[in-house]
Protein chains: 2
Amino acid sequence: MSNIREVARRSGVSVATVSRALKDPQMVSPRTRERVLKAVEEAGYRPNLLARNFSSGKSYAVMVLVPNIANPFFSRVIRGIEKAAQDQGYSVLLGDTKGDSSNEQFYAGMALTNQADGVIQLGSRYPFAEKDANLAASVPLVNACERIVEDDRYPVVELDNHGAAQEVARHLMKMGHRRIGVITGPSQSPIVRDRLSGFSEALKKRGLELDPEMVVHGEFTMTSGQKGAETLLSTHHRPTAIFCMNDEMAIGAVHQVKRMGLRVPEDVSVTGFDNIEFSQFTDPPLTTINQPAEELGRYAMETLRLIIDGKPLKSSRTILPFELVERESTGPCSYK
Amino acid sequence: MSNIREVARRSGVSVATVSRALKDPQMVSPRTRERVLKAVEEAGYRPNLLARNFSSGKSYAVMVLVPNIANPFFSRVIRGIEKAAQDQGYSVLLGDTKGDSSNEQFYAGMALTNQADGVIQLGSRYPFAEKDANLAASVPLVNACERIVEDDRYPVVELDNHGAAQEVARHLMKMGHRRIGVITGPSQSPIVRDRLSGFSEALKKRGLELDPEMVVHGEFTMTSGQKGAETLLSTHHRPTAIFCMNDEMAIGAVHQVKRMGLRVPEDVSVTGFDNIEFSQFTDPPLTTINQPAEELGRYAMETLRLIIDGKPLKSSRTILPFELVERESTGPCSYK
DNA sequence: GTGAAAGCGCTAACAT
DNA sequence: ATGTTAGCGCTTTCAC
């Protein structure tokens with residue numbers, strides 16, 4: 001592997017000039033530039049970015065903490081992050097945390113040893129170990145999709161979860177549903193709270209109360225959606241519709257509804273959230289909320305970049321718009 | 001951010017001793033060690049790994065090229081890679097290539113500038129630009145899941161695709177199917193060729209010929225699976241079973257079979273490949289081939305590590321076992 | 001426009 | 001067991 005000195009030697013200039021010719025071409029004369037580039041070619045030279053980064057004190061990498069990389073919604077967010085990162089000359093380090101705080105601390109900790117210039121947390125936890133909080137205070141951190149619990153020090157890029165859940169409620173009520181079950185995510189998650197409050201608020205506006213028996217907690221997995229549906233449908237007074245807080249759980253719920261000999265949507269309507277691609281191919285296709293996943297990622301990366309560069313943020317909270325996608329998993333309430 | 005000199009000053013020893021106390025504790029006396037650790041604590045010191053890596057000439061990062069990060073099968077492979085990487089002190093750089101060769105070249109190129117110590121290619125292409133081939137020759141590269149076309153210079157970790165496709169064929173023939181359609185992936189892909197040859201070989205053994213009209217090419221997406229099924233089912237003599245080369249296409253195919261008023265499996269059996277989690281929740285659940293995805297990833301990372309460290313490989317080709325998972329999307333042939 | 005040289009933070013060879 | 005120092009490859013002042 002040839003280095004900058006080798007190129008300097010070959011082109012008969014100093015290393016400084018080579019450095020300039022490559023990073024700031026108009027700083028050197030056309031003739032030298034040409035000679036340098038020729039030497040670069042001949043030597044098969046590639047700058048050692050490890051050295052460059054070390055020298056500049058930056059890694060030009062961002063650490064992305066993702067609760068579950070197998071969730072297609074997060075995949076799309078990551079796509080958005082990556083695209084934006086590439087545009088900005090940054091690389092993406094992947095940290096699949098499985099929602100585990102020790103994993104989060106491990107990966108986020110890499111920003112403390114200069115392996116990443118910033119962190120994008122897609123989960124809802126403050127990702128650093130408490131004992132590292134002092135050091136971590138200076139690490140650029142952006143929170144996307146979720147919102148870090150009890151902490152508004154960090155910019156967040158998220159959906160109008162409250163509004164989206166309201167929209168779902170309105171959609172179901174418009175179809176005549178009055179007893180609606182909800183399969184949430186983990187109860188401590190801020191988005192779960194937002195969606196739950198939006199949902200019950202919309203119900204209240206129409207004089208309906210959210211029966212606690214109609215709220216079960218899932219874990220954003222298909223299995224938990226299936227179990228949740230089983231619980232809801234085994235109640236004495238079963239719901240005619242189920243609002244699932246993500247598409248995976250909705251897929252599990254639809255599965256269970258059918259297993260219990262009921263039809264979707266004739267007997268039970270089911271809604272999802274996220275609009276992952278699979279939601280179009282279930283039977284029936286899911287009514288769901290579309291999240292602009294790639295944009296969430298892009299905004300998160302762009303925001304992080306501003307922080308890294310010490311530039312001012314227009315706002316510490318970016319809310320992206322949702323969209324209700326009506327498909328065939330919801331229909332008129334046939335009960336009574 | 002305090003550095004090693006600061007710690008040296010605080011503990012009254014030299015930087016070398018601090019370095020040793022941290023990297024090789026038993027090289028310094030217990031008393032000094034203690035003093036150093038105390039100083040580290042007080043100073044809130046974290047080693048600058050950018051500097052350490054630069055100094056050692058290694059990035060301790062691997063670049064993973066993935067054709068489509070939204071494909072849950074690849075997600076699981078990445079999980080396996082990441083786990084193994086973490087165990088070995090490596091970080092994972094993500095390169096979502098979308099199957100695009102310019103993306104592959106961009107991301108793989110990061111290994112040429114010392115930003116990654118090696119590359120894991122999950123796609124089937126030689127990832128470097130031809131003009132970089134000379135430089136790239138020294139970059140550790142492992143191919144997983146797919147096999148790099150026309151090039152056996154690189155170790156590969158893959159499934160027995162030929163055998164798995166045979167197994168699918170045998171399963172369908174056992175159920176009485178004699179006219180079977182196939183929805184493949186891109187025709188240049190080696191795994192597609194392997195599976196196709198295994199499939200037709202098994203057919204031949206039972207005196208059946210694979211009708212070219214029964215082979216359509218998909219792109220490993222649900223939409224292409226849907227289209228493929230439409231094509232196959234619109235033929236004059238339609239198949240009673242369809243072998244899809246991944247689960248997404250099978251999901252699309254099932255969707256289309258139903259849309260055409262046919263039943264799965266009563267009228268048409270459908271099989272998938274990969275055993276992604278969604279395959280359990282389709283209606284009906286998919287008969288498919290289980291791939292040990294995480295293990296594929298783990299082996300790939302371990303193999304790459306051996307190459308990086310210049311250690312000998314036991315074999316340049318690791319074949320992992322498959323398993324046929326029988327679910328309800330396949331059933332006895334009812335035709336004639 | 002170009003060169004000389006310091007310095008980024010760490011490791012490791014060498015000296016003691 | 002510990003200190004001194006060169007050096008990793010690059011960027012960036014500071015002179016000229």
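The number of heavy-atom neighbours closer than 6.0 Å to OH of A:Y299, taken from other residues, nucleotides and ligands shown, is 12 or below. For A:E219, the CD atom counts as loosely surrounded, since its 6.0 Å shell holds 12 or fewer non-hydrogen atoms of other residues, nucleotides or ligands.
OP1 or OP2 of D:dT11 lies within a sub-4.0 Å distance of a side-chain N or O belonging to A:S19. The phosphate of C:dG9 has OP1 or OP2 within less than 4.0 Å of a side-chain N or O from B:N3. OP1 and OP2 of D:dC10 both lie 4.0 Å or more from every side-chain N or O belonging to A:S56. In this model, the phosphate group of C:dG3 is approached by a side-chain N or O of A:T17 to a distance below 4.0 Å at OP1 or OP2.
The C1' atoms of five pairs define one axis at each end of the helix from C:dG1-D:dC16 to C:dT16-D:dA1, and these two axes lie 40° apart (to 10°).
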Step by step, would you call A:E146 with A:E158 a side chain to side chain contact (heavy atoms under 4.5 Å, CB included)?
-> CA-CA 7 Å; A:E146 285 266 4; A:E158 62 180 344; over 6 Å; no
Mind running side-chain hydrogen bond (donor to acceptor under 3.5 Å, both in side chains) on B:E82 and A:Y107 for me, showing each step along the way?
-> CA-CA 11 Å; B:E82 225 193 284; A:Y107 286 118; 2.5 Å; yes
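At a threshold of 4.0 Å, the pair B:R305-B:D309 counts as salt-bridged, since one of the basic side-chain nitrogens sits closer than that to a carboxylate oxygen.
In this structure, CD1 of A:I4 is placed 11 Å from P of D:dT12, rounded to the nearest angstrom. Here the P atom of nucleotide D:dC10 and the CG atom of A:N48 are 6 Å apart, to the nearest Å. Rounded to whole Å, the distance from CG on B:L50 to C1' on C:dC10 is 11 Å.
In this structure, B:Q121 contributes its side chain and B:R125 its backbone to a donor-acceptor pair below 3.5 Å.
Mapping B:S55 and B:R33 onto DNA chain D by nearest heavy atom places B:R33 at the nucleotide closer to the 5' end. The nearest heavy atom of DNA chain D to A:Y45 and to B:S29 marks one nucleotide each, and the one closer to the 5' end goes with B:S29. Toward the 5' end of DNA chain C, the nearer of the two residues A:P30 and A:V15, judged by each one's closest nucleotide, is A:P30.
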